[in-house]
Asker: 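Take a look at this one; I'll ask things after.
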Amino acid sequence: MGIVRFSVVTAFPEYFEAFLNTSIIGRAVKEAKIEVEIVNLRDYASNRYGQIDDYSYGGGGMVIMPEPLYKALEDIKSAGSCVVYPSPQGVVLTQDLVEALTKKDHIVLICGHYEGIDERFVEKCVDLEISIGDYVLTGGELPAMVIIDAISRLIPGVVGKEEAVSEDSFYKGMLDYPHYTRPVNWQGLEVPKELTSGNHQEAATWRRREAAARTLRRRPDLLSRAGIRPYLTKGVYLMLAHYPVLNKSGNVVTSAVTGLDLHDISRSCMTFGVDKFLVVTPLRLQREMVSKIAGHWQKAHEMGLNPLRAEALNLLKVIGSIDSGLAWIEKKEREKPLVVATTAKQVKGALPYLELKRIALEKDVPLCILFGTSWGLADEVFDHVDLVLKPIMGGNGEYNHLSVRSAVAVVLDRLFGWR
């Protein structure tokens with residue numbers, strides 16, 4: 001990433017003196033991590049009196065005229081400039097938008113004042129209007145500082161510890177965890193023992209759980225874009241059932257295991273942090289085939305094969321029944337898993353993904369997500385699961401006949417992918 005260059009067009013350049021010479025932003029400017037140019041709009045005034053504004057047509061307050069803004073912009077912009085106007089009418093500033101703006105080489109920030117700026121300039125010259133919240137300020141200078149600060153801290157080297165950025169609120173969809181410093185006891189309030197024990201793993205687990213709890217209490221809406229896997233302290237398991245499943249006629253059958261499913265689902269599991277991929281088939285020959293495929297890839301290194309594929313296929317475990325798979329998980333975790341079935345059908349009481357995320361975070365128990373092959377899980381299976389997920393629906397009517405490996409990727413991304 002190259003140096004991000006900011007140009008701020010303002011009628012009040014003195015606003016920025018302390019901001020650009022203080023703390024992290026001041027150091028970033030001094031070390032040439034970012035470049036900030038303050039452009040005095042009055043230098044482009046329409047007359048010798050320095051006039052940049054006039055009365056609003058139709059009544060109201062003062063509005064900044066388009067011509068001074070246009071002259072200033074023409075003087076500073078380049079081919080790759082992104083012109084941003086902080087405005088209450090703009091899109092709300094989010095971490096996603098901040099990350100997108102870090103890809104721009106040159107950001108021009110137009111600071112309005114009074115009643116704002118002439119709409120014709122906005123229509124002709126502005127690429128993006130941004131709001132920092134649903135309230136009104138006296139001018140665009142404070143929002144411009146907010147935008148510069150938010151973008152700058154994502155530039156490598158601006159913040160001393162890059163892991164501090166990745167743990168910030170919103171960076172991975174969740175709110176940040178609580179922070180403490182000395183003394184250990186302040187006015188009768190103790191620092192949590194998990195942070196003073198010296199056990200770094202214990203501290204990391206406590207922080208993830210507190211971040212999840214805080215998000216659930218204060219901003220549960222954020223869960224829709226958050227990947228929850230790092231915040232679950234127990235294992236996550238994916239079970240692919242080849243029995244009991246339905247065929248096209250609605251009869252209970254045993255479906256065939258396919259190598260393509262094993263390879264693709266293993267890679268999805270590895271990508272999203274699933275601990276084990278359990279393949280259910282009562283047929284001995286099918287179980288032997290799964291074991292043979294997994295064994296082949298366990299020798300990937302000595303055979304010159306892709307070691308990443310081998311790592312993913314090491315997640316495979318073949319079992320004879322759903323019940324034996326759940327018993328294996330319970331024994332491994334020393335706790336019964338929360339069993340969640342998936343389906344392509346409309347099932348009464350099925351949960352949306354956001355609700356499953358909330359439940360998984362609140363309960364923090366082992367999680368087993370159950371998929372069926374062929375035409376889906378047999379009806380009897382749904383009588384023995386804890387929850388059922390709503391079917392995957394796209395934007396093309398009622399058609400939702402995805403392959404199981406596609407469905408697995410979508411479900412895992414919705415639950416454990418972030419943004």
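Since the model is a prediction, treat every value here as computed from it, not as a measurement. Numbers here are sequence positions counted from 1.
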Asker: Using a strict threshold of under 4.0 Å (side-chain N to carboxylate O), is an ion pair present between Asp96 and Arg225?
Answerer: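 Yes.
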Asker: Distance-only, no hydrogens or angles: does the Asp386 side chain make a donor-acceptor pair with backbone N or O of Val339 under 3.5 Å?
Answerer: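 Yes, the answer is positive, given that a donor and an acceptor are paired below the 3.5 Å cut-off.
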Asker: Taking atom types as modelled, find out whether Ser255 and Ser374 have a side-chain donor-acceptor pair closer than 3.5 angstrom.
Answerer: no
Asker: Measure the spacing between CG of Leu356 and CG of Leu223 and express it to the nearest 0.5 Å.
Answerer: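 CG of Leu223 is found 11.0 Å from CG of Leu356.
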Asker: To check you understand the geometry: which heavy-atom pair defines the closest contact between Pro220 and Leu354, and what is its length?
Answerer: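 Shortest heavy-atom contact: O-CD1, 4.1 Å.
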Asker: Between Leu278 and Ile329, is a side chain to side chain contact (heavy atoms under 4.5 Å, CB included) present by the stated rule, with each step listed?
Answerer: CA-CA 10 Å; Leu278 306 177; Ile329 295 172; 3.7 Å; yes
Asker: Run the side chain to side chain donor-acceptor pair (under 3.5 Å) check on Ser56 and Glu115 step by step: do they pass?
Answerer: CA-CA 8 Å; Ser56 175; Glu115 292 296 320; over 6 Å; no
Asker: Got a donor-acceptor contact below 3.5 angstrom from the Thr205 side chain to the Gln201 backbone?
Answerer: yes
Asker: Report, as yes or no, whether the 6.0 Å neighbourhood of atom OH on Tyr135 holds more than 12 heavy atoms from other residues, nucleotides or ligands.
Answerer: yes
Asker: Could you tell me if the side chain of Ile392 sits less than 4.5 Å from the side chain of Asn400, heavy atoms only?
Answerer: no
Asker: Would you say Lys33 and Ile3 make side-chain contact, with heavy atoms under 4.5 Å?
Answerer: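 Side-chain contact under 4.5 Å: no.
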Asker: Without swapping roles, check the side chain of Glu194 against the backbone of Ala203 for a donor-acceptor pair under 3.5 Å.
Answerer: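 Flag not set: sc Glu194 to bb Ala203 has no pair under 3.5 Å.
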Asker: Could you verify whether a donor N or O on one side chain and an acceptor N or O on the other, from Gln51 and Ser46, lie under 3.5 Å apart?
Answerer: no
Asker: Return yes if a side-chain donor-acceptor contact under 3.5 Å exists between Tyr237 and Glu333, otherwise no.
Answerer: yes
Asker: ring-ring contact (aromatic ring centres under 6.0 Å, His included) for His384 and Phe382? Distances and angles first, verdict last.
Answerer: CA-CA 5 Å; His384 303 284; Phe382 294 96; over 10 Å; no
Asker: More than 12 heavy atoms of other residues, nucleotides or ligands under 6.0 Å from NE2 of His200: is that the case?
Answerer: no
Asker: Can you tell me how far the CG atom of Leu128 sits from the SG atom of Cys82, to the nearest 0.5 Å?
Answerer: 6.0 Å
Asker: Identify whether the distance between the nearest side-chain nitrogen and carboxylate oxygen of Glu335 and Lys234 falls below 4.0 Å.
Answerer: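 Lys234 and Glu335: salt-bridged.
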Asker: Minimum heavy-atom separation for Trp418 to Gly227, with atom names?
Answerer: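 The pair with the smallest heavy-atom distance is CB-N, 3.2 Å.
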Asker: For the residue pair Phe6 and Ser152, what are the closest heavy atoms and their distance?
Answerer: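 Closest approach of Phe6 to Ser152: CE1-OG, 3.9 Å.
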Asker: So that I can tick it off, tell me whether Arg214 and Glu210 are bridged by a salt bridge, with the cut-off set at under 4.0 angstrom between side-chain N and carboxylate O.
Answerer: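 Looking at Glu210 and Arg214, the cut-off is not met.
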Asker: Specify the closest pair of heavy atoms between Met145 and Phe19, including all atoms of both residues, with the distance to one decimal.
Answerer: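 So the two residues come closest at O-CZ, 3.5 Å.
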Asker: Would you find more than 12 non-hydrogen atoms of other residues, nucleotides or ligands less than 6.0 Å from Tyr180 atom OH?
Answerer: yes
Asker: Leu20 and Ile25: which non-hydrogen atoms are nearest, and at how many Å?
Answerer: CD2-CG2, 4.2 Å
Asker: Check the pair Asp176 / Arg207 against salt bridge (charged side-chain N to carboxylate O under 4.0 Å, His left out), numbers first and verdict last.
Answerer: CA-CA 9 Å; Asp176 197 4; Arg207 284 172 165 173; over 6 Å; no
Asker: Please evaluate residues Arg209 and Asp364 with respect to the criterion salt bridge (charged side-chain N to carboxylate O under 4.0 Å, His left out), reporting the C-alpha separation (whole Å), side-chain torsions for both, the decisive distance (0.1 Å), and the verdict.
Answerer: CA-CA 9 Å; Arg209 293 304 302 157; Asp364 194 30; 3.5 Å; yes
Asker: Ser87 vs Glu129, test: side chain to side chain donor-acceptor pair (under 3.5 Å). Steps then yes/no.
Answerer: CA-CA 6 Å; Ser87 157; Glu129 291 185 65; 3.0 Å; yes
Asker: Looking at Glu17, is its backbone amide N or carbonyl O close enough to the side chain of Asn21 to form a donor-acceptor pair, meaning the two atoms are under 3.5 Å apart?
Answerer: yes
Asker: Looking at Phe12, is Arg42 sitting on its ring face, NZ or CZ under 6.0 Å from the six-membered ring centre and within 45 degrees of the normal?
Answerer: yes
Asker: Go through the steps to decide whether Leu101 and Val98 satisfy the test side chain to side chain contact (heavy atoms under 4.5 Å, CB included), and finish with yes or no.
Answerer: CA-CA 5 Å; Leu101 289 172; Val98 171; 5.7 Å; no
Asker: Taking atom CZ of Arg334 as the centre, does the number of heavy atoms from other residues, nucleotides or ligands within less than 6.0 Å exceed 12?
Answerer: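 12 or below, so no.
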Asker: Working note: Ser78 + Arg5, criterion side chain to side chain contact (heavy atoms under 4.5 Å, CB included); need CA distance, chi angles, decisive distance, verdict.
Answerer: CA-CA 11 Å; Ser78 57; Arg5 186 161 61 94; 3.8 Å; yes
Asker: May I ask you to test the Val9-Leu73 pair for a side-chain heavy-atom distance under 4.5 Å?
Answerer: no
Asker: Within the 4.5 Å heavy-atom criterion, are Val340 and Val385 side-chain neighbours or not?
Answerer: no
Asker: Hey, what do you get for CZ (Phe416) to OG (Ser268), rounding to the nearest 0.5 Å?
Answerer: 12.5 Å
Asker: How many angstroms lie between OG in Ser403 and CG in Asp261, if you round to the nearest 0.5 Å?
Answerer: 7.0 Å
Asker: Measuring from atom OG1 of Thr215 to atom CG of Leu175, what distance do you get when rounded to the nearest 0.5 angstrom?
Answerer: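 That separation rounds to 4.0 Å.
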Asker: Are Ser81 and His106 linked by a side-chain donor-acceptor pair shorter than 3.5 Å?
Answerer: yes
Asker: State, yes or no, whether a side-chain contact exists between Met289 and Ile293 at a heavy-atom distance under 4.5 Å.
Answerer: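 Side-chain contact under 4.5 Å: yes.
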Asker: Carefully, step by step, assess Val91 and Leu97 under the rule side chain to side chain contact (heavy atoms under 4.5 Å, CB included).
Answerer: CA-CA 9 Å; Val91 298; Leu97 181 53; 3.9 Å; yes
Asker: Can you tell me how far the OG1 atom of Thr342 sits from the CG atom of Leu240, to the nearest 0.5 Å?
Answerer: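 With rounding to 0.5 Å, OG1 (Thr342) is 9.0 Å from CG (Leu240).
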Asker: Restricting to non-hydrogen atoms, name the atom on Leu316 and the atom on Ala294 that form the minimum distance, rounded to 0.1 Å.
Answerer: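 Taking Leu316 first and Ala294 second, the nearest heavy atoms are CD1-CB, 4.2 Å.
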Asker: Within a 6.0 Å radius of atom CG on Asn185, are there more than 12 heavy atoms belonging to other residues, nucleotides or ligands?
Answerer: yes
Asker: Looking only at side-chain N and O atoms, does Ser7 offer a donor or acceptor that is under 3.5 Å from a partner on Glu37?
Answerer: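 Result is yes, a qualifying pair exists.
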Asker: When you measure from the centre of the six-membered ring of Tyr353, is the NZ or CZ of Arg414 under 6.0 Å away and within 45° of the axis?
Answerer: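 Checked: cation-pi criterion met.
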Asker: Please tell me if the side chains of Thr10 and Val39 come closer than 4.5 Å, counting only heavy atoms from C-beta onward.
Answerer: no
Asker: Between the side chains of Asp275 and Arg229, is the shortest nitrogen-to-carboxylate-oxygen separation below 4.0 Å, so that they form an ion pair?
Answerer: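 Salt bridge present between Arg229 and Asp275.
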Asker: Within the 4.5 Å heavy-atom criterion, are Val4 and Lys104 side-chain neighbours or not?
Answerer: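 Result no, sub-4.5 Å side-chain heavy-atom pair not found.
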Asker: Answer yes or no: is there a donor N or O on one side and an acceptor on the other, between the side chain of Lys390 and the main chain of Ala344, under 3.5 Å?
Answerer: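 Checked: no pair found.
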Asker: May I ask you to test the Glu311-Met270 pair for a side-chain heavy-atom distance under 4.5 Å?
Answerer: yes
